[in-house]
Each structure stands twice: as C-alpha cells, then as structure tokens.
2 protein chains.
Amino acid sequence: MAAQRGEGDGVVTRPGETGTEAPADVRERARAIPEAAVARLAVYLRVLSGMVEQGVTTISSEELAGAAGVNSAKLRKDLSYIGSYGTRGVGYDVEVLVSHIERILGLTRKHSVAVVGIGNLGHALANYGGFPSRGFPVAALFDIDPDLTGVPVGGIPVDHIDDITTVCAEREVSIGVIATPPQAAQAVCDRLVSAGVQCILNFAPVVLQVPDYVEVRKVDLAVEMQILSFHVARRADEAAGDVVNGIGVDGVVIRP
Amino acid sequence: MAAQRGEGDGVVTRPGETGTEAPADVRERARAIPEAAVARLAVYLRVLSGMVEQGVTTISSEELAGAAGVNSAKLRKDLSYIGSYGTRGVGYDVEVLVSHIERILGLTRKHSVAVVGIGNLGHALANYGGFPSRGFPVAALFDIDPDLTGVPVGGIPVDHIDDITTVCAEREVSIGVIATPPQAAQAVCDRLVSAGVQCILNFAPVVLQVPDYVEVRKVDLAVEMQILSFHVARRADEAAGDVVNGIGVDGVVIRP
DNA sequence: TCTTGTGAACACGTTCACAGCT
DNA sequence: AGCTGTGAACGTGTTCACAAGA
C-alpha cells in the first residue's frame with residue numbers, strides 16, 4: 001500500500017526483490033519479520049528493559065509473554081524471527097535478548113526527529129522525555145507562526161515551516177512527526193519528503209498521499225475513539241439481543 | 001487477546017456466542033465485521049464527511065478508495081459488511097453512506113470520556129476540539145496533584161484521582177483515557193474498570209492487565225518510533241546489500 | 001456500459017503440539 | 001524434567017475476477 005496504517009493494518013510494502021547471498025543473514029532475516037511481530041518486539045523490549053532494572057537475568061517465554069500480554073507460542077515465534085537466543089530447559093538471557101531486539105529494530109543508530117506543528121500536541125511531543133532517551137533525538141521543530149520562530153521549546157529553537165527542506169536535509173532528519181492541523185498536513189508531508197525524510201509519523205487526521213518508498217504510520221485519535229465506540233455499541237446490542245433470547249450476558253438463562 | 005493492541009494488531013476478542021434470530025440484522029452484522037475493517041470505516045467516514053462539506057453527493061468505490069488510501073476491492077468489501085447501499089453503475093450516495101457508517105460505529109449515542117493525567121498530553125487532549133464534536137464529550141478530568149483539583153482545563157474542573165470510581169459512575173463515563181506516567185497507569189486502569197468503564201484508550205507506555213470484557217486500545221509513541229526505526233534500518237541494509245550485489249536501490253545495475 | 005457486491009483463491013498471521021536440546 | 005524452536009494446521013484478512021444489476 002502506498003498510504004498509511006493505523007492500529008495493525010498494512011504498511012508500505014515494496015514488492016520484494018530478493019537477490020543477495022552470503023553474509024546476508026541479518027538483512028534477509030530483517031526482511032522476513034512480519035510487521036505485526038515488529039510492533040510486538042518493541043513491546044517485549046520495553047518489558048525486558050524493566051526486567052534488567054529489577055535485576056532479572058533470565059526469563060522464560062511464559063513469563064515474558066504474560067508481562068507483554070501475548071501468548072507464549074506467539075512470543076517464541078516472534079523471537080525466532082530474530083534468531084535462536086534462548087536456552088532449552090532454561091529460558092532467555094534478558095540482556096542478550098535486549099541487545100538483539102535493539103539491533104533488529106535499528107536502535108543502535110541515532111534517528112534524528114523533526115516535529116512539525118508546535119501547538120498543544122507539538123509541545124507535548126517536544127517535551128516528551130522518552131523520546132531522546134532511546135536514540136531518537138529531536139533535531140528540529142517547525143511551525144508556521146512567525147512569532148514562534150527562534151523561540152526554544154524543550155531546548156530546541158523553532159524554525160519556520162518554509163525552512164523544512166533545508167533544515168531537515170542539513171540535520172539529517174530521518175523521521176518526521178506531523179502534529180499540524182489537518183489542512184496543513186499534506187503540504188508539510190510533501191516538504192518532508194522532498195527533504196529526503198522517508199519515515200513519517202502522522203498525528204493529523206488526514207490520509208497522507210506519499211510515494212511508495214516513504215513509510216507512514218498514523219496515530220489517529222478520532223479513529224481510536226470510534227473503534228472503541230463500535231465496541232461499546234456491539235456490546236450493548238449483544239446484551240440486548242441475548243436478553244431478548246432469554247440469555248444473560250454471561251450465558252446465564254434469564255428467561256428460558 | 002485479553003490485553004492491548006497498537007497499530008493493527010489484535011484486539012480483545014471475546015469467544016463468540018452466537019444465538020439470536022429474527023431482527024438480529026444489525027447486531028449479527030456488527031459482530032461479523034472484521035476488526036481491521038472497523039478501523040477503515042472510521043477513515044472512510046472522515047473522508048466522506050469532507051465530501052459532504054464540498055457538496056459531493058455521489059462517489060464511486062474507486063474515488064473513495066483513492067482518498068482513503070486503500071484499494072477499491074477492499075473498500076467495497078468493507079462497505080459490504082455493513083450492507084448494500086451502493087447503486088451498480090453509479091456509486092454510493094455520500095449522505096446515505098455517512099449515516100450507515102455512523103450507525104454501525106455507534107456514533108448515534110454519546111460516549112462520555114474521562115481523561116486521567118492532566119500533564120502535557122492530558123492538557124492537549126482536554127483541549128482537543130475534535131473530541132466532543134463527534135459525540136465524545138469530555139465529562140471528567142482527573143489528576144493526582146491536589147493543586148490541580150478544581151482548576152478548570154478546557155472548561156472542565158479537574159477532580160482528584162481518588163474520586164475516579166464515584167465520579168465516573170455518576171457521569172456514566174464509557175471511555176477512559178489514560179495519559180498518566182507509566183507507573184500510575186495500571187492503578188488508574190483498575191479504578192476505571194471498577195467504576196464500570198469497559199473501554200480504555202491507553203497512552204501510557206505499559207501493557208495494561210484487564211479483565212476479558214474490557215477493551216483496551218493503546219497509542220504508544222515509543223513503539224511507533226521503533227517500528228519506523230526498523231524500517232529505516234531495513235532500508236539501509238537493503239541498499240547496502242543491493243549495492244554489494246551490484247544492483248542499485250532502484251534496480252539499476254551499478255556493477256554488473 | 002459502468003460500477004457494485006461477492007464467491008473463490010490467496011497471503012498473512014496465529015495457534016497447536018511436539019521434536020530437539022539442555 | 002523442562003523449555004525452546006518450529007513444522008503443520010488453522011483462521012483471519014486481502015485480493016482477484018466476474019456475475020448481477022442499474
């Protein structure tokens with residue numbers, strides 16, 4: 001797909017030119033990891049980091065799965081995509097796992113981030129501590145309001161939106177975060193792309209149109225709320241229906 | 001799964017007791033809609049709302065699919081889950097579609113929202129305009145800081161976190177939004193659940209443990225960034241690999 | 001003729017269950 | 001004896017391709 005992806009849908013997937021040989025292990029492996037597994041690996045990584053701090057050195061698939069909210073078979077399969085780093089009969093060495101997941105997720109490099117749109121959300125993002133801590137330094141901030149240019153937010157001076165292309169190229173931004181109003185989002189996106197940014201995290205409630213080689217992920221509050229709304233409604237309908245048929249919500253017969 | 005879900009992964013899925021008959025059309029239908037389709041329906045709804053404002057009255061699957069960033073077969077299948085409201089040879093009536101999608105997503109009811117954790121993000125959420133506009137009135141705000149209690153944010157006075165249970169029950173909150181630091185999230189979640197909240201949107205970077213009947217969706221910035229990081233890395237590896245084999249990124253032979 | 005709606009084929013992701021190691 | 005790693009079975013979601021209908 002040449003477009004977005006929200007909670008678990010598809011992602012930009014370039015066809016798939018295989019054509020490598022010998023020491024292609026890591027590359028080949030990375031290519032084969034299912035998208036859904038990548039998202040979970042990030043979760044495992046966080047849980048494992050917590051374990052390290054608690055001094056845990058070894059963990060079984062069952063324990064880690066429980067803490068990550070998945071079943072253990074899935075966890076083991078996910079880990080098998082990145083290699084076999086467990087010990088049968090024992091479990092996984094926590095630090096070893098952490099370092100392998102970090103490697104696969106590309107967290108050994110620094111990925112400079114640019115945030116565009118310094119409103120409520122942009123401020124929150126610029127000040128978000130967990131951002132730089134894990135190798136995602138905020139390298140640039142942009143806004144369309146000339147009064148903001150030069151003003152430092154979270155320690156970084158805001159640049160004008162017209163300078164996106166040059167500043168991003170200069171500072172080697174690899175991830176662009178769009179936190180603008182929806183009307184501005186596509187134009188901002190186009191500028192980011194022409195600055196060479198290939199990964200975009202979009203908070204604006206619009207479907208961005210991008211070239212195939214650009215990866216967009218979206219965080220869409222309205223969509224999330226509406227999905228929850230759907231479940232509230234379904235639940236209510238179910239309850240109503242079940243009672244109509246004389247069966248209570250939990251299977252108890254109310255009117256047999 | 002009895003846990004979270006982020007960008008496109010699984011969602012709490014209670015087993016599936018079928019057992020209804022006659023006028024069960026809507027209910028039965030709702031139950032059958034794939035989770036992934038629900039997320040897209042919300043996107044179609046937004047696109048269609050824009051169309052209404054532009055005065056568009058009819059739209060083909062091809063056009064709508066383009067605007068929503070999906071392919072037209074998928075769009076038609078998604079719409080078919082909610083019924084057959086198109087006209088062959090012509091397309092869909094925009095207003096008809098809007099009202100059917102709204103009905104299916106449960107947007108005809110009001111869903112009161114409580115936001116817990118009035119920090120940077122909580123402020124942004126409380127002030128977010130698109131929230132109440134579409135049937136999600138913010139009915140309560142909570143924070144642990146006693147200095148904040150009583151202070152109005154976005155027009156609503158903040159209550160203390162200890163009052164979650166009573167206040168949420170009183171105001172019939174159906175969706176809880178957790179915007180606290182990670183350490184506080186599970187405790188807040190437990191209180192929301194005991195107040196009867198069955199749908200939770202979690203911004204805290206932790207895996208919440210909840211009973212099966214509670215639906216949790218999570219928005220996890222760190223995970224999103226790491227997924228993008230993975231793609232940056234994969235891309236770099238690919239490029240390296242391709243060049244090693246004498247093939248450039250776009251298939252051009254550099255060293256045949 | 002044009003576009004929808006959908007069965008059938010396919011691809012992807014999950015779960016099961018057990019062989020293989022420690 | 002215990003836990004990992006994984007082939008095979010299963011289920012869900014996507015895409016194809018065309019019949020049905022305006």
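Throughout, a chain's letter reflects where its sequence line sits, starting with A, and its residues are numbered from 1.
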Quiz item: Does A/E35 pair with A/R217 as a salt bridge, N-O distance under 4.0 Å?
Solution: yes

Interatomic distance where [atom1] belongs to [X] and [atom2] belongs to [N] [whole Å]:
X	N	atom1	atom2	result
B/D78	C/dG5	CG	P	12 Å
A/I33	D/dG5	CD1	C1'	16 Å
B/N71	C/dT6	CG	C1'	15 Å
A/L75	C/dT15	CG	C1'	14 Å
A/D93	C/dT22	CG	P	16 Å
A/Y92	D/dG2	OH	C1'	13 Å

Quiz item: Is there a side-chain polar atom (N or O) of B/T87 under 4.0 Å from OP1 or OP2 of D/dA22?
Solution: no

Practice problem: Can you check whether any acceptor in the base of C/dT3 is under 3.5 Å from a donor in the side chain of B/R88, or vice versa? | Solution: no

Quiz item: A/K77 or A/G91: which one's nearest nucleotide on DNA chain D is closer to the 5' end?
Solution: A/G91

Quiz item: For B/S49 and B/R134, what are the C-alpha separation, side-chain angles and deciding distance, and is it a side chain to side chain donor-acceptor pair (under 3.5 Å)?
Solution: CA-CA 11 Å; B/S49 302; B/R134 267 234 181 261; 2.6 Å; yes

Self-check item: Within-4.5 Å side-chain heavy-atom neighbours: B/E63 and B/V56
Solution: no

Quiz prompt | A/R235/B/S174 under side chain to side chain donor-acceptor pair (under 3.5 Å): CA gap, chis, key distance, verdict | solution = CA-CA 12 Å; A/R235 208 156 286 180; B/S174 54; over 6 Å; no

Practice problem: Counting heavy atoms from C-beta on, name the nucleotide in C/dG5, D/dT15, C/dG13 closest to the side chain of B/K74. | Solution: D/dT15

Practice problem: Take B/L79 and A/A37, find for each the nucleotide of DNA chain C with the closest heavy atom, and name the residue whose nucleotide sits nearer the 5' end. | Solution: B/L79

